[in-house]
Amino acid sequence: MAKAVSRVVSGSLQLPALFAPDADAGRRFIEFFTANIRNPHTRRAYARAAVEFASWCEAGDLRELRDIEPVHIAAYIEALQRRLSAPSVKQHLAAIRMLFDWLVVGQIIAVNPASPVRGPKHSVKKGKTAVLSAEEARKLLDSIPPASHVGLRDRALIALMVYTFARIGAALKMRVEDVYAQKLRTWVRLHEKGGKRHEMPCHHNLEKYLHAYLEETGLSRLPKAYLFPTSNRRTGVLSERPMSQSDAYRMIRRRAADAKIKTKVGNHSFRATGITEYLRNGGRREIAQQMANHESARTTGLYDRRDDDVSLDEVERIVI
């Protein structure tokens with residue numbers, strides 16, 4: 001399905017039957033993903049949702065866009081709820097609603113049949129991301145041997161996410177020139193979602209790790225090079241290609257296993273770990289929001305896992 005979706009987006013695959021009969025509808029369908037959505041992750045997710053909905057319509061003998069009514073979309077959402085989580089269902093509905101809005105603006109259809117359809121209720125007060133304790137995070141960083149270029153790279157990447165609350169996507173986009181000196185300190189420049197630039201001063205530990213990595217690998221002399229490139233599996237020599245998120249995930253899982261850390265950490269664990277420890281040590285949530293580059297303080301709150309310790313202490317009061 002993923003390969004088929006990417007080919008739909010590029011226009012190299014036959015359109016879903018729902019959009020194929022009308023040339024204007026087909027063109028508008030492709031434009032929705034290529035011209036309207038810039039984020040590649042959103043594009044893939046929405047394309048997958050649109051293709052699945054079109055397949056469902058075809059199976060139900062709905063072959064014309066004008067025949068689709070709110071009741072059909074409501075029935076589709078009900079069917080999705082039996083196999084997907086509420087957030088996934090809401091994402092599918094958002095994709096369908098936006099696609100039909102695009103078709104309405106392009107005068108392909110008169111009204112958006114998805115507009116009146118409500119998705120499932122879903123309230124989140126605490127994020128699901130696994131979080132490390134300060135001791136575990138320190139143990140992980142100390143366990144990575146700095147004797148190789150790969151070890152220096154991995155330690156610097158993990159430290160960057162812990163100490164700057166960086167998203168993995170922003171970290172992997174960085175170039176060497178995004179590590180720079182200002183006001184007698186080392187700063188980093190992160191390229192966040194939506195083309196936003198976010199600049200942060202480095203914690204002294206992060207500064208030490210970054211400088212050791214850049215000097216030892218020689219990357220400090222290549223300002224346009226990617227800061228966190230892949231490496232040759234056999235030789236350990238760093239390449240010119242940036243790591244992907246899946247590359248980073250595999251590295252993190254391997255490093256955590258080597259450090260005998262049982263918590264199932266992933267790419268986002270270090271962002272949550274850094275925010276939690278910052279707040280635990282007296283930091284203010286509004287400053288954490290600014291440091292994490294969150295639009296909403298509520299989003300920052302999802303990364304605050306200090307209550308986990310309170311719950312554990314209370315559970316231990318059950319003396320049986």
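Within the model, atoms CZ of Arg63 and CD of Glu58 stand 5.0 Å from one another, a figure rounded to the nearest 0.5 Å. Distance check: Ile96 CD1 to Trp56 CH2 gives 9.0 Å after rounding to the nearest 0.5 Å. To the nearest 0.5 angstrom, Ile158 atom CD1 is 4.5 Å from Leu140 atom CG. Note: Lys262 NZ to Lys264 NZ = 15.5 Å, rounded to the nearest 0.5 Å. Rounding to the nearest 0.5 Å places CG of Leu18 at 9.5 Å from OG of Ser55. Here the CZ-CZ distance, from Arg48 to Arg43, works out to 13.5 Å after rounding to the nearest 0.5 Å.
No more than 12 heavy-atom neighbours from other residues, nucleotides or ligands sit within 6.0 angstrom of CZ on Arg241. Counting heavy-atom neighbours within 6.0 Å of Glu216 CD, excluding the residue itself, gives a total of 12 or less. Residue Glu240 qualifies as open at atom CD: its count of foreign heavy atoms under 6.0 Å is 12 or below. Annotation: Arg185, atom CZ; neighbour count of heavy atoms from other residues, nucleotides and ligands within 6.0 Å is above 12.
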Would Leu157 and Leu172 satisfy side chain to side chain contact (heavy atoms under 4.5 Å, CB included), going step by step from the backbone distance to the final call?
CA-CA 9 Å; Leu157 175 56; Leu172 297 179; 4.1 Å; yes

Go through the steps to decide whether Leu99 and Phe19 satisfy the test side chain to side chain contact (heavy atoms under 4.5 Å, CB included), and finish with yes or no.
CA-CA 12 Å; Leu99 174 58; Phe19 301 91; 3.7 Å; yes

Could you check Phe53 against Ile68 for side chain to side chain contact (heavy atoms under 4.5 Å, CB included), going step by step and ending with a plain yes or no?
CA-CA 11 Å; Phe53 174 67; Ile68 298 175; 4.1 Å; yes

Report the C-alpha separation of Val117 and Leu93 in whole Å, then their side-chain angles, then the decisive distance to 0.1 Å, and conclude whether the side chain to side chain contact (heavy atoms under 4.5 Å, CB included) test is met.
CA-CA 8 Å; Val117 179; Leu93 179 57; 4.3 Å; yes

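Between the side chains of Asp178 and His191, a donor-acceptor pair is found at a separation under 3.5 Å. With 3.5 Å as the limit, one finds a donor-acceptor pair spanning the side chains of Ser88 and Ser85. His211 and Thr186 share a donor-acceptor pair across their side chains, judged by distance under 3.5 Å alone.
Under the 4.5 Å side-chain criterion, counting only non-hydrogen atoms from C-beta, Val188 is in contact with Leu210. Annotation: side chain of Gln290 is not in contact with side chain of Arg285 (no heavy-atom distance under 4.5 Å). With a 4.5 Å cut-off on side-chain heavy atoms, Glu199 and Arg189 count as touching. At least one side-chain heavy atom of Phe29 sits under 4.5 Å from a side-chain heavy atom of Pro16. Counting heavy atoms from C-beta on, the side chains of Val150 and Met251 never come closer than 4.5 Å. Using a 4.5 Å heavy-atom threshold, the side chains of Phe270 and Leu132 count as touching. The closest side-chain heavy-atom distance from Met291 to Thr164 is not below 4.5 Å. Taking the side chain as every heavy atom from C-beta outward, Val237 and His149 never approach each other to under 4.5 Å.
Every residue two or more places apart in sequence or in another chain that forms a salt bridge (charged side-chain N to carboxylate O under 4.0 Å, His left out) with Arg250 is listed here: Asp247.
At a threshold of 4.5 Å between side-chain heavy atoms, the hydrophobic network of Ile, Leu, Val, Met, Phe, Trp and Tyr places Ile109 and Val105 in two separate groups. Linking Ile, Leu, Val, Met, Phe, Trp and Tyr whenever their side-chain heavy atoms come within less than 4.5 Å puts Ile287 and Tyr163 in one cluster. The hydrophobic clustering, which links ILVMFWY residues whose side-chain heavy atoms are closer than 4.5 Å, places Leu103 and Ile30 together. No continuous path of ILVMFWY side-chain contacts below 4.5 Å connects Tyr249 to Ile168, so the two sit in separate hydrophobic clusters.
Between the side chain of Ser239 and the main chain of Thr230, a donor-acceptor pair closer than 3.5 Å is present. Although no hydrogens or angles enter the test, the distance criterion places no donor-acceptor pair under 3.5 Å between the side chain of Arg175 and the main chain of Tyr226. Counting only distance, with no hydrogens or angles, the side chain of Ser269 and the backbone of Ala130 share a donor-acceptor pair below 3.5 Å. Proximity of a side-chain donor or acceptor of Arg255 to a complementary backbone N or O of Asp154 within less than 3.5 Å is not detected. Remark: side-chain polar atoms of Trp187 are not paired, donor with acceptor, to backbone N or O of Ala181 under 3.5 angstrom. Here the side chain of Asn112 pairs a donor or acceptor atom with the backbone of Arg97 at under 3.5 angstrom.
Between Arg28 and Glu31, at least one side-chain nitrogen of the basic residue sits less than 4.0 Å from a carboxylate oxygen of the acidic one, meeting the salt-bridge criterion. Under 4.0 Å is where a charged nitrogen must lie from a carboxylate oxygen, and between Glu136 and Lys139 no such pair does. No salt bridge links Arg197 with Glu192; every basic N to acidic carboxylate O contact stays at or beyond 4.0 Å. Taking a cutoff of 4.0 Å between a charged side-chain nitrogen and a carboxylate oxygen, Glu52 and Arg83 qualify as a salt bridge. Ion pairing between Asp24 and Arg27 holds under the 4.0 Å rule for side-chain N and carboxylate O. A salt bridge links Arg284 with Glu286; the closest basic N to acidic carboxylate O contact falls under 4.0 Å. A salt bridge is defined here as a Lys NZ or Arg NE, NH1 or NH2 lying under 4.0 Å from an Asp or Glu carboxylate O, and Asp258 with Arg254 fails to meet this definition.
Both the sub-6.0 Å distance and the 45° axial angle are not jointly satisfied by Arg153 relative to the ring of Tyr213.
Smallest separation of non-hydrogen atoms from Asp101 and Ser115: OD1-OG, 4.5 Å. When all heavy atoms of Pro145 and Ser143 are compared, the closest pair comes out as CD-O, 3.2 Å. Nearest heavy-atom pair across Val176 and Leu219 is CG1-O, 3.3 Å. The shortest non-hydrogen separation linking Phe228 to Ala171 is CD1-O, 3.6 Å. Heavy atoms only, all atoms of each residue included: Pro113 and Pro116 are closest at O-CD, 3.5 Å. Smallest separation of non-hydrogen atoms from Leu190 and Ala166: CD1-CB, 3.7 Å.
In this pair, Tyr46 and Phe32 present their aromatic rings parallel. The plane angle is below 30°, not in the 30 to 60° band. The aromatic rings of His92 and Tyr76 sit tilted relative to each other, their planes meeting at an angle between 30° and 60°.
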